[in-house]
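Because the structure is a prediction, the values reported are computed rather than measured. The first residue in the sequence is number 1, and the count goes up from there.
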Amino acid sequence: QVQLVESGGGLVQAGGSLRLSCAASGRTFSIYVMGWFRQAPGKERQFVAAMDWRTNVTYYDNSVKGRFTISRSNAKNTVYLQMNSLKPEDTAVHYCAAASVAGDVTKIRLYNSWGQGTQVTVSS
């Protein structure tokens, strides 16, 4: 089992930046993929970004491509989401997730460990 703890959310004006962090502990050697998802009020949870933990290949939803960057710190077993040029429509609870198998990184069902979520609010 992998435990995930997110941090870094908050309130920011449109055009601003935030960096989310997700620290992994436990059976981190079993991680294949680390991903970020978000869920706005009244909407389904959606894919934001992911990184193949073995190859460092990254994946992004089109809505954040060019604005968000996923990265990692091997020493800290931590994945980051740098969010720039934030828009009001980015407002959501952002979740970190880990998968212990390979597969479609955009699918919620791939991931078997989830963090508690961190709120990101972008004001206009």
Which distance, rounded to the nearest 0.5 Å, do you find between the [atom1] of [X] and the [atom2] of [Y]?
X: S71; Y: N56; atom1: OG; atom2: CG; value: 10.0 Å
X: T58; Y: F68; atom1: OG1; atom2: CZ; value: 14.0 Å
X: R19; Y: Q82; atom1: CZ; atom2: CD; value: 7.0 Å
X: N77; Y: Q3; atom1: CG; atom2: CD; value: 11.5 Å
X: F47; Y: S63; atom1: CZ; atom2: OG; value: 9.5 Å
X: D52; Y: Y59; atom1: CG; atom2: OH; value: 5.5 Å

Just by distance, do the side chain of [X] and the backbone of [Y] share a donor-acceptor pair under 3.5 Å?
X: E6; Y: C96; value: yes
X: Y60; Y: I70; value: yes
X: T78; Y: K76; value: yes
X: T28; Y: S25; value: no

Would you say [X] and [Y] make side-chain contact, with heavy atoms under 4.5 Å?
X: V64; Y: R38; result: yes
X: T106; Y: D61; result: no
X: V120; Y: L18; result: yes

Search all heavy atoms of [X] against all heavy atoms of [Y] and return the closest pair with its distance.
X: W36; Y: S21; answer: CH2-O, 3.7 Å
X: Y111; Y: G35; answer: CE2-N, 3.9 Å
X: L81; Y: A49; answer: CD1-CB, 4.1 Å
X: A24; Y: V2; answer: CB-CG1, 4.2 Å
X: Y95; Y: G117; answer: CD2-CA, 3.5 Å
X: K87; Y: V122; answer: O-CB, 3.3 Å

Do the side chains of [X] and [Y] join up, straight or via other hydrophobic residues, at under 4.5 Å, putting them in one cluster?
X: V101; Y: F29; value: no
X: L20; Y: I31; value: yes
X: L110; Y: M51; value: no
X: W114; Y: V33; value: yes
X: V105; Y: V57; value: yes

**Prompt:** In terms of side-chain geometry, is the basic nitrogen of D90 or R67 positioned less than 4.0 Å from the acidic oxygen of its partner?
**Reply:**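 Judged by the 4.0 Å cut-off on N to carboxylate O distance, D90 and R67 do form a salt bridge.
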
**Request:** Answer yes or no on whether R54 is positioned over the face of Y32, meaning its NZ or CZ is under 6.0 Å from the six-membered ring centre and within 45° of the axis.
**Result:**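 That pair qualifies as a cation-pi contact.
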
**Request:** Flag this pair as yes if the NZ/CZ of R45 is under 6.0 angstrom from the six-membered ring centre of F37 and inside a 45 degree cone about the axis; otherwise no.
**Result:**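 Judged by the rule, R45 and F37 form no cation-pi pair.
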
**Request:** Can you establish whether the number of heavy atoms outside Q116 located under 6.0 Å from its atom CD is more than 12?
**Result:**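 Yes, enclosed.
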
**Test side chain to side chain donor-acceptor pair (under 3.5 Å) applied to T121 and Q119, step by step** = CA-CA 6 Å; T121 303; Q119 177 70 45; 3.3 Å; yes

